[in-house]
Protein chains: 2
Amino acid sequence: MVGLEDVAKLAQVSAATASRALSRPELVAETTRERVQEAARTLGYRPNVLARSLRQRGSRTLGLVVTDILNPFHATLAKAVQDVAEAQDYTVLMFNTDEESAKERRAFEILRGHLPRGLIVVPTPATHTNLDLLPGLPVIELDRASGRPGAHTVLVDNEVGAYRAVSYLAGLGHRYIGMIVGRQDISTAVERHEGYRRALQDAGLPYRPELVRPGNHREGDGRAAAHALLALAPGERPTALFVGNNEMTVGAVLAARDLGLRLPGDLSLVGFDDSRWAQTILPALTVVAQPAYELGALACRTLLSLLDGRVVPTSTRLNTTFIERDSAAPSASHAQKVGSA
Amino acid sequence: MVGLEDVAKLAQVSAATASRALSRPELVAETTRERVQEAARTLGYRPNVLARSLRQRGSRTLGLVVTDILNPFHATLAKAVQDVAEAQDYTVLMFNTDEESAKERRAFEILRGHLPRGLIVVPTPATHTNLDLLPGLPVIELDRASGRPGAHTVLVDNEVGAYRAVSYLAGLGHRYIGMIVGRQDISTAVERHEGYRRALQDAGLPYRPELVRPGNHREGDGRAAAHALLALAPGERPTALFVGNNEMTVGAVLAARDLGLRLPGDLSLVGFDDSRWAQTILPALTVVAQPAYELGALACRTLLSLLDGRVVPTSTRLNTTFIERDSAAPSASHAQKVGSA
DNA sequence: TTGAAAGCGCTAACAC
DNA sequence: GTGTTAGCGCTTTCAA
């Protein structure tokens, strides 16, 4: 292990000067500086981050806590955060919580011991409480908002995205539009639900509670919820479905297949969040796309700005994009009307 | 920041005793131990890992370096490694290299500063050289083998998996079986290529170099390679394709679509590595499935055993599973023969 | 502009 | 079984 002492010796200066030459070059005479840097290079010196962090009472480390790294949306967030952090010489400590409060607590505890400078978290309902473990730490909430007063958040405009999707379905003539919605203690799910509600209202359609089914964000939940909705009596069964996240959308498509329903002929479908799956499945899915990479990158940039003492907006919303593909079509009755006009 | 000193004071012992009571309880009298643990609990004490690691010259940290975290196969490996490491109280520092040597070097350099106890890496051709940065560090190579003598590897039986797939296609009567293969400086690609070769031989089919196209593991490469293969003159164009990894398989399916070829009627396809995409696309893809989670978990368990000084096998191969779904069918001529028999 | 010295929080020797 | 002491590798006073 080559240490600062070795570099100092080779460059014939004290350890203190060697340290300065490498970390704060402006404090050192040019010739000395070059001698030290040269020595460091030839020895292949790498600072011991542990010692440095211990001394400085804080490491150049950021925490990242996501709820499901196997979800491509989250994987993309993680990659973006890593890319930005790395460019600024920060190391990211990443943890996965599977939406479990206990795992999140553990992640926070471990993180604490590493003296991170900041944290980016996709919050769960338990996050508010668990953050007690990291008092005073700058935190950015990503994708969802926990509701903590004053929290910094980087989100997507869920309400508008959902509104756009449901308005589109209504415009296609659908009068029974179902929604598969996430847990109502998670902000994204609430907001998408709101958008759904408002779109129905603006389209002059009644809100029918029996057409709204909750699910726990996973594929299986989406499948079960879709089955429940499609089991309704003819006349009141939805002819179109708006699904609140990417995983549940997969489930909804599979449910349609289970029942032999063809998209978009027998059922129109619009999902929230784009993915390669949505792009390549047949028919290609009409979706509300989220700028996942940009979202993660922005969260990280915001955190780094915050750490630099710059003023940053407390809350940022990125726009979603509505992408019209082939999984939604005019309702049967609508097509008839238009055809006979 | 509550430190060990605070705990010691509250428990009325020295810092050393407090340290022992928490880290090596068997060295401390029971009553003292309880007093200290109680004090730690009430103060919410968490050890400063930095100080501990500095003192012990090594942190309870593992490095994990993968080449593409957005690839679900790699995401699964990563989750498995994390799960196992966490259960043993290790923290994982994860890096993504995008198959770029420069990024890998950087990852190794940063890692070095954190004094990890071991490293799990999905190697690239550059890894062999780059590992000079981490002399003496226990390393497990995951999924691929770099060829370093004596290296510990946890792999899948690529040759056998590929052999099985190609034999299956040959058994279906295909005589022109193309392969889209990965970079030949990566072990998995070489081995899968070998399996392809041997299967052809055992089926009495000639190896035709023009039916083998290399690709750089990405979707776009697979698509381009498939286009090239399918552009061959009738008579010598492949009627079946074996694709060497999951991303390129997506590309091959899209190429078939571009050309209006139907699977499996106009073209039979077998991919390497299963995925939700392969399961839910229509027709569902016949694939050689890899135990991704188990692979990652085993790599981590092996590393931890190694660190505990236990004897571990230098190389482990996990079996692949051939999953017959709907993307491969008897060749036209074969069907004819069988039909007329 | 540089060096000497102290100390970050913890654990391992060594004494008792 | 417990306390005292020293030191991990670095940065940062403070003094020169």
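So you know, we letter chains A, B, ... as the sequences are listed, proteins then strands, and number each from 1. All values derive from a computational prediction rather than experimental measurement. Both backbone and side-chain heavy atoms feed into the values below; hydrogens, waters and symmetry mates do not.
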Whole angstroms only, please: what is the [atom1]-[atom2] distance between [X] and [N]?
X        : N      : atom1 : atom2 : value
B:Arg60  : C:dT11 : CZ    : P     : 13 Å
A:Leu54  : D:dT11 : CG    : P     : 11 Å
A:Glu30  : C:dT2  : CD    : P     : 11 Å
A:Met1   : D:dC8  : CE    : P     : 13 Å
A:Arg57  : C:dC8  : CZ    : P     : 7 Å
B:Glu5   : C:dT11 : CD    : C1'   : 13 Å
A:Arg112 : C:dG9  : CZ    : C1'   : 14 Å
A:Leu22  : C:dT2  : CG    : C1'   : 15 Å

Determine: side-chain N/O of [X] to OP1/OP2 of [N], distance under 4.0 Å, yes or no.
X       : N      : answer
B:Tyr45 : C:dG9  : no
A:Thr32 : C:dT2  : yes
A:Arg24 : D:dT12 : yes
A:Gln56 : D:dC10 : no

Select base, sugar-phosphate, or nothing to describe what [X] touches, counting heavy atoms under 4.0 Å on all strands.
X       : value
B:Ala16 : base
A:Arg52 : sugar-phosphate
B:Leu27 : base
B:Ser53 : nothing

Completion exercise
All heavy atoms of B:Tyr45 vs all of B:Val2, minimum pair found to be CD1-O, 3.5 Å
Handout entry: Between B:Ser305 and B:Thr302: side-chain donor-acceptor atoms closer than 3.5 Å
Key = no
Of the nucleotides [options], which has the atom closest to the [X] side chain?
X       : options               : value
B:Ser14 : D:dG3, C:dT2, D:dT11  : D:dG3
B:Arg20 : D:dT2, C:dT11, C:dT2  : D:dT2
B:Ser23 : D:dT2, C:dT11, C:dA12 : C:dT11
A:Val13 : C:dG9, D:dG1, C:dG3   : C:dG3
B:Thr17 : D:dG9, C:dA12, D:dG3  : D:dG3
B:Asn48 : C:dG9, D:dT12, C:dT2  : C:dG9
A:Leu4  : D:dT2, D:dC8, D:dT11  : D:dT11

Handout entry: Rounded distance (nearest 0.5 Å) linking atom CZ of B:Arg144 with atom CD of B:Glu191
Key = 11.5 Å
Handout entry: B:Gln12, CD atom: more than 12 neighbouring heavy atoms under 6.0 Å
Key = no
Exercise for the section: Begin with the C-alpha distance, continue with both residues' side-chain angles, and end with the deciding distance and a verdict on salt bridge (Lys or Arg N to Asp or Glu O under 4.0 Å) for A:Arg33 and A:Glu26. Expected result: CA-CA 9 Å; A:Arg33 186 195 319 150; A:Glu26 70 281 7; over 6 Å; no
Practice task
Evaluate the criterion side-chain contact (heavy atoms from CB on, under 4.5 Å) for residue pair B:Phe73 and B:Leu295; output intermediate values, then yes/no.
Solution key: CA-CA 10 Å; B:Phe73 173 66; B:Leu295 202 62; 4.0 Å; yes
Problem - Closest-nucleotide ordering on DNA chain D, the 5'-leading residue of A:Ala18 and B:Val28 - result: B:Val28
